[in-house]
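Take a look at the structure set out below.
So that the names make sense, note that chain A is the first sequence line, chain B the second, and so on, each numbered from 1.
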Amino acid sequence: MDLEFSAAEQAFRAEARAWLRAHVPDRPLPSLETAEGFAAHRAWERELYAGGWSAVSWPRELGGRGASLTEWLIFEEEYYAAGAAGRVSQNGINLLAPTLFAHGTEEQLARILPPMAAGETIWAQAWSEPEAGSDLAALRSRAERTGQYGGGWLLYGHKTWSSRAAFADRAFGLFRTDPEAERHRGLSYLMFPLDAPGVTVRPIGRLDGKPAFAEIFLDAVFVPDADVIGEPGDGWRAAMSTAGNERGLTLRAPGRFTAAAERLRRLWRERAATDDTALAGRVADAWIRARAYQLAGYAAASAAPGAAADSPRGERGTGAGPAAFASSMNKIFWSELDIDLHETALDLLGPGAGEITEGGPDAEWLDGWVFALAGPVYAGTNEIQRDIVAERVLGLPRGR
Amino acid sequence: MRFLPDEDHRSYTDTVRRLLADAGPSDAGPCEAARAWAAGDHAPGRALWQALAGTGLPALAVPEERGGLGWFPPELAAAFVEIGRASVPGPLVETVALAAGLPAASGWTARLLSGDRLATVTDPAAGYAVDAQIADVAFVLEGDGLATGTVADAPSRSLDPGRHLVRCVPDEAVAADTRRIRALATLLTAAQLLGAGEALLQGSVEYAKHRQQFGRPVGSFQAVKHQLANVAVALEFARPLLYGGALAVRSDTGADPRDLPAAKTACAHAAHLAARTALQVHGALGYTDEYDLTLPLRKARALHGAWGTRAACHAAVLAGDLLPG
């Protein structure tokens, strides 16, 4: 075993690095969670696409460059090390696209993915409802069969906590299509436009007041059959594959954390009193955990074609169980690392700088901290993930 | 980049695991050997080490030109995970590290490779050599220098009863690769910790599945489940660091030198969490001397600071160094 990248992988890294150096703006983009910032991030998506870096792991004909999982990990490392912006296309590229690759039709792939890669269509997720959070299968929003408009479905209901739905173009989510069926069945996975007649989007201010998420009210919103993913009634299975991607490597690539840990190390060098061993320990700990996640990613990439039973991910991780269960471990790990890493940065910044959110030179750490705080909640709370690890990975009896 | 054990590596790990699992209670398995070792009977422990050496274990630390099989830190790390899992007693980390770093001319390498002899060396931060009164030869490590050592004091009991801590004074200097000795000692200690942690998790999960209270298995309670899930996560992400650390020891593999102190910290943390959780999940049973799970439980704490304290590992990570302290 080794950690030496092949000549091709090194060339890929060099190419990505050179492109990013030439294109990443010197000043950070305005916050993604505002109308102005959203537009700037959309423009950045177009630039990424023009360079061929928007969705590196997709096939070329769909807007990608056919990169391997290892190359994707390399790209993400370079992307965040270059200080490039968080991806406004993340819900589409990281969550919807893998679901379409697994469950979508050729027609859907060809129609939906290229504009997604180009930043023309920005996607929002529509999972949670006021009464269906961790217990997602309790959702009540429904899709009713209709013969109107050439045949399809009419959506009714109320979705919430939909990230950036106030600015996005389309959304995907689960809807109940068979009210008689057992609660995990009779659900269908549908896509709909956020500007369609019958859609009302109400922005919700997140912790720092920015309209980062929204609730969506749906009243007879038409969805053609072509925008159902997988079979009607089989949406739960497709949704769980999206959840696996959301919790796993794809939503939060290791490169995001290794870059932040490296920035934290630099901040510590510049700002810390050298005798503050407690802070030094926390900086080291953040680096260690980011590196652990990075190496776990390399192990997963090495194991991907045929998943060997005892990869360095261990007997319980990628090896013994379906990847979806290892993804629960990932999600717990990166979400808690992200908070600790940013808390350490705020402590290093100290009073004043560790508090000033707007316009200050360190505002990015503050924005990152607010973002990190949501990590243990979204994509399935960490309590749900621990239940999954305990029951599916360790084999403990069901129950709460 | 291929960060994955190959077929030979995996089958060797299986060999070690099976050897330790098959050494059942009747012919003194690892737990019985550990208890005998603590009580002053070292024959079962030495026999176990001879069997392990028979699989070529120490030879994986010695290049062919010095009579070994090569230089295979990842394979050694995997083998020591099994040694940690089974609670095998003795200065095995030290013996293998010395086999890797002593010059062939010292005459010791061949004797250590055969499994006939055990060697030990002082952990510079602790100032003690583990089991020096039992080992066939002891060395003192100070800075970059190695010397043969003489036992200077009666052994002190460790909180792991299978370890005896002995002060030694240096005699004659020996030209040795002390960097390799220290790096391997840190790596293999981390590996033992990971193995101890995995044994503790597995034992705790089995216990929680079967122990009934309030008419149901205690493992069905979320309060218990989540603690065990935390242990699983900590171990899961310590293992890639252990392999990264093993590649860093090898130094021609593209690894980051910081992976070694990172591995020690992560394995120590995961094993410690596993030990605390095992104690809690087992209730009073885990607090007894007679229960076998208390062997890795005590070892996890004893090895926590051995061959690289948490503070020294953190400092090494921040400085970009391979060796803690």
Side-chain angles (χ1 to χ4, degrees), chain A residues 1-6 9 70 73-74 265 268-269 277 280-285 287-289 291-303 308-317 326 328-330 332-333 336 382-383 385-391 393-400, chain B residues 1-7 9-10 13-14 74 78 198 201-202 205 208-209 216-217 219-222 224-230 232-244 246-248 250 252-256 258-259 261-263 265-266 269 310-311 313-318:
Chain A
M1 64 194 299
D2 67 73
L3 283 164
E4 261 169 333
F5 293 97
S6 68
E9 287 160 347
T70 301
L73 290 167
I74 290 171
R265 208 170 61 90
W268 170 74
R269 279 219 181 119
T277 53
R282 289 166 62 194
V283 173
D285 186 57
W287 187 91
I288 291 167
R289 286 155 73 190
R291 177 66 170 166
Y293 186 41
Q294 182 182 40
L295 291 174
Y298 292 159
S302 301
D310 51 354
S311 86
R313 286 302 309 273
E315 293 87 54
R316 291 171 307 282
S328 292
M329 294 199 175
N330 287 345
I332 294 167
F333 193 76
E336 296 181 354
N382 285 12
E383 286 68 35
Q385 306 312 322
R386 288 189 166 91
D387 283 351
I388 293 172
V389 171
E391 292 173 11
V393 180
L394 298 179
L396 288 165
R398 285 177 170 269
R400 297 201 166 86
Chain B
M1 192 273 296
R2 191 181 151 74
F3 191 52
L4 200 65
D6 63 19
E7 194 51 47
H9 180 159
R10 289 207 299 271
T13 309
D14 281 348
E198 296 205 340
L201 175 62
Q202 196 195 343
V205 165
K209 278 181 190 171
R216 53 195 262 210
S220 68
F221 293 111
Q222 223 170 12
V224 174
K225 272 184 183 164
H226 287 194
Q227 292 189 53
L228 293 168
N230 287 342
V233 170
L235 292 166
E236 178 79 1
F237 287 94
R239 182 177 276 263
L241 282 172
L242 180 70
Y243 279 103
L247 294 174
R250 211 186 139 106
D252 58 348
T253 53
D256 189 316
R258 293 174 283 184
D259 290 345
T265 306
H269 166 73
R310 184 176 158 82
C313 288
H314 279 162
V317 163
L318 291 172

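Contacts of A/Arg269 classified as side-chain contact (heavy atoms from CB on, under 4.5 Å), with partners at least two apart in sequence or in another chain: A/Arg265.
Between B/Lys225 and A/Arg386, every side-chain heavy-atom pair lies at or beyond the 4.5 Å cut-off. Side-chain contact between B/Leu4 and A/Met1: absent, with no pair of heavy atoms (C-beta onward) separated by less than 4.5 Å.
Options A/Ala292, A/Ala390, A/Ser6 differ in how many heavy-atom pairs under 4.5 Å they form with chain B, and the most are formed by A/Ala292. For chain A, the option among B/Val224, B/Leu242, B/Val233 with the highest count of heavy-atom pairs below 4.5 Å is B/Val233. Counting heavy-atom pairs under 4.5 Å between each of B/Thr265, B/Asp256, B/Asp6 and chain A puts B/Asp256 at the top. Comparing B/His314, B/Arg216, B/Arg250, B/Met1 by how many heavy-atom pairs each has under 4.5 Å with chain A, the most go to B/Met1.
Residues A/Trp287 and B/Ala262 share a closest heavy-atom pair of CZ3-CB, 4.2 Å. B/Ala229 approaches A/Leu394 most closely through the heavy-atom pair N-CD1, 4.2 Å. Across every non-hydrogen atom of B/Gly244 and A/Leu3, the tightest pair is CA-CD1, 4.4 Å.
Taking NZ of B/Lys209 as the reference point, atom CG of A/Leu396 lies at 6.5 Å (rounded to 0.5 Å). Distance check, rounded to the nearest 0.5 Å: CZ of B/Arg2 to OG1 of A/Thr70 gives 10.5 Å. Note that the CD1 atom of A/Ile288 and the NE2 atom of B/His269 stand 10.5 Å from one another [nearest 0.5 Å]. Atom-to-atom distance recorded for B/Tyr243:OH and A/Leu295:CG is 12.5 Å, nearest 0.5 angstrom. Here CZ of B/Phe237 is found 9.0 Å from CD1 of A/Ile332. Values are rounded to the nearest 0.5 Å.
No part of A/Gln294 comes within reach of chain B, as not one of its non-hydrogen atoms sits under 4.5 angstrom from that chain. For chain A, the nearby parts of B/Arg258 are the backbone and the side chain; heavy atoms of each come within less than 4.5 Å. Residue contact with chain B, scored on non-hydrogen atoms closer than 4.5 Å, involves the backbone and the side chain of A/Asp285 alike. In this structure, the portion of B/Leu247 lying under 4.5 Å from any heavy atom of chain A is its side chain and not its backbone.
Annotation: B/Gln202, atom CD; neighbour count of heavy atoms from other residues, nucleotides and ligands within 6.0 Å does not exceed 12.
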